[in-house]
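Since the structure comes first, as structure tokens, the remarks are kept for the end.
Below, all heavy atoms of this structure are taken into account, side chains as well, without hydrogens, waters or symmetry copies. Every value quoted in this text rests on a predicted model; they were computed, and no experiment measured them.
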Amino acid sequence: MTDEISPKDRFITVYGRNPVHEVLLDDDLHVDKVVIAEGARGAGLREIQQAARRRRVDVQYASAERVKKLAGNGRQDQGVFADVVAPRMRPLDMALSRDRSGSLRTVLVLDGVTTPANVGMILRSATAAGVDGIVVPRKGVASIDPLVVKASAGVAFRAPILKAFTAGEAVETLKEAGFHVVGLDARGDDDLFSAHLPEPVAFVLGSETAGLSPDVAALVDTWVSIPMAAGVESLNVSAAAAVVCFELVRRARL
């Protein structure tokens, strides 16, 4: 039941006047509430209030400091934020405990992916490919903010996001639940397209500069590589994620 889930694991918080106005104009999104800083003035606020009234969305007022704290971005909130319901977002441990039908078979885990554009594009690719879950840890990965939403072309709101504190904690939990953990590395034991990948499977994706963090790398069961030509060493993490996701689609159709 949703009342067991923390608000941070139910809502995607969108801040800034244009992003808030845009989500209010999208009737497919369920906006839980809009919070405006007391004394805020200027362009866009009237339109936000009118759009919220049309949608019958609760508008609350709070001090500017509280808005900055709740929005999570004191420099760019512009005195307003909105909490948008993400219906497929939930804590990883809850998803595993309720997965009695075994529907959670393919999962991505982000580890140290700090560029919002990469996180957004990964959410878009994984959702399009039908991946069952994308673990976006609260620590060490870009938070799901308007930049991530924009890069995902709005898909972030309906992506199957799984929340955990760290990538290491998430991978440990997945291994305990029987997941086979796969890491990407140019020197992998096998290439992605021919490797034996038993389900349920969790792919861990690290940053381009540092790769996987040591605690996550230590938990990997199988290392695979994406074949490269013309001396290219690696792909951007979002491109690598797309390759992985649609390789899973290909395998599911065999």
Side-chain angles (χ1 to χ4, degrees), residues 8-32 44 48 70-78 80-90 92 106-164 166-167 170 184 202-213 226 234-249:
K8 290 184 178 180
D9 294 335
R10 288 183 58 208
F11 304 132
I12 291 176
T13 299
V14 174
Y15 53 79
R17 299 184 185 189
N18 283 338
V20 169
H21 192 218
E22 286 172 6
V23 298
L24 287 168
L25 293 178
D26 187 342
D27 290 339
D28 291 333
L29 297 178
H30 178 190
V31 182
D32 182 73
I48 288 171
L70 293 175
N73 192 310
R75 291 176 295 175
Q76 298 177 356
D77 63 72
Q78 296 179 313
V80 62
F81 72 85
D83 280 337
V84 182
V85 175
R88 300 179 69 192
M89 184 166 73
R90 60 207 191 280
L92 172 62
T106 56
V107 172
L108 300 185
V109 180
L110 307 190
D111 176 26
V113 183
T114 56
T115 304
N118 284 334
V119 174
M121 288 186 284
I122 290 170
L123 293 178
R124 183 172 176 81
S125 295
T127 304
V131 169
D132 299 322
I134 310 111
V135 178
V136 183
R138 299 182 190 91
K139 184 178 180 183
V141 172
S143 59
I144 302 171
D145 64 8
L147 295 174
V148 169
V149 171
K150 183 176 181 180
S152 77
V155 171
F157 294 121
R158 57 182 185 274
I161 297 167
L162 303 174
K163 302 303 286 289
T166 65
L184 291 178
F203 276 86
V204 285
L205 302 168
S207 72
E208 292 173 73
T209 52
L212 297 180
S213 55
I226 297 174
S234 65
L235 296 176
N236 167 280
V237 66
S238 63
V243 173
V244 167
C245 291
F246 285 95
E247 169 60 9
L248 291 173
V249 171

Hey, what do you get for CD1 (I134) to CG (L92), rounding to the nearest 0.5 Å? 12.0 Å
Pairs involving residues 14-28, ordered by first then second residue, that meet salt bridge (Lys or Arg N to Asp or Glu O under 4.0 Å) (sequence neighbours left out): D27-R54, D27-R55
Which pair of non-hydrogen atoms, one from A159 and one from R88, has the smallest distance, and what is that distance? O-CB, 3.5 Å
Residues 147-157 vs side-chain hydrogen bond (donor to acceptor under 3.5 Å, both in side chains), sequence neighbours excluded, gives none
Can you name the residues that form a side chain to side chain donor-acceptor pair (under 3.5 Å) with T106, not counting sequence neighbours? D132
How close do A71 and Y15 get, heavy atom to heavy atom, and via which atoms? O-CD2, 3.7 Å
About how many Å separate CG of N236 and CG of N118, when rounded to the nearest 0.5 Å? 4.5 Å
Smallest heavy-atom separation, R124 atom then A153 atom, equals NH1-CB, 3.1 Å
Answer whether the closest heavy-atom distance between the side chains of V141 and V119 falls below 4.5 Å. yes
When rounded to the nearest 0.5 angstrom, what is the spacing between CG in L184 and CG in L235? 9.5 Å
Trace of the side chain to side chain contact (heavy atoms under 4.5 Å, CB included) decision for L248 with F203: CA-CA 11 Å; L248 291 173; F203 276 86; 4.0 Å; yes
Taking all non-hydrogen atoms of both residues into account, name the closest pair between G206 and L212 and its distance. N-CD2, 3.4 Å
Exactly one candidate in L29, V31, V14, V84 meets side-chain contact (heavy atoms from CB on, under 4.5 Å) with L24; the answer is V31
Measuring only between side-chain heavy atoms, which start at C-beta, is F11 closer than 4.5 Å to V85? yes
Run the numbers on L123 and I161 for side chain to side chain contact (heavy atoms under 4.5 Å, CB included), then give the verdict. CA-CA 8 Å; L123 293 178; I161 297 167; 4.0 Å; yes
Can you list the residues that meet the side chain to side chain donor-acceptor pair (under 3.5 Å) rule with T127, with sequence neighbours excluded? none
How far apart are the closest heavy atoms of V136 and A142, and which atoms are they? CG1-O, 4.1 Å
Judged by modelled atom types alone, do D145 and S143 share a side-chain donor-acceptor pair under 3.5 Å? no
Residues forming a side chain to side chain contact (heavy atoms under 4.5 Å, CB included) with K8, sequence neighbours excluded: S6
Is there a side-chain contact between P137 and V135 (heavy atoms, below 4.5 Å)? yes
State which residues pass salt bridge (charged side-chain N to carboxylate O under 4.0 Å, His left out) with D9; sequence neighbours excluded, sorted by chain then number. R138, K163
Nearest atoms (heavy-atom pairs only) where S125 meets A242: OG-CB, 3.7 Å
Quick one: list whatever passes side chain to side chain contact (heavy atoms under 4.5 Å, CB included) with A241, sequence neighbours left out. I122, L205
Using side chain to side chain contact (heavy atoms under 4.5 Å, CB included) as the criterion, list what pairs up with A128, not counting sequence neighbours. F246
Residue list, side chain to side chain contact (heavy atoms under 4.5 Å, CB included) with A86, at least two apart or on another chain: I12, M89
In chain order, what residues pass the side chain to side chain donor-acceptor pair (under 3.5 Å) check against N18, with sequence neighbours excluded? none
Close side-chain approach of T114 and S207, heavy atoms under 4.5 Å: no
Go through the structure and list residues passing salt bridge (charged side-chain N to carboxylate O under 4.0 Å, His left out) with D111, not counting sequence neighbours. none
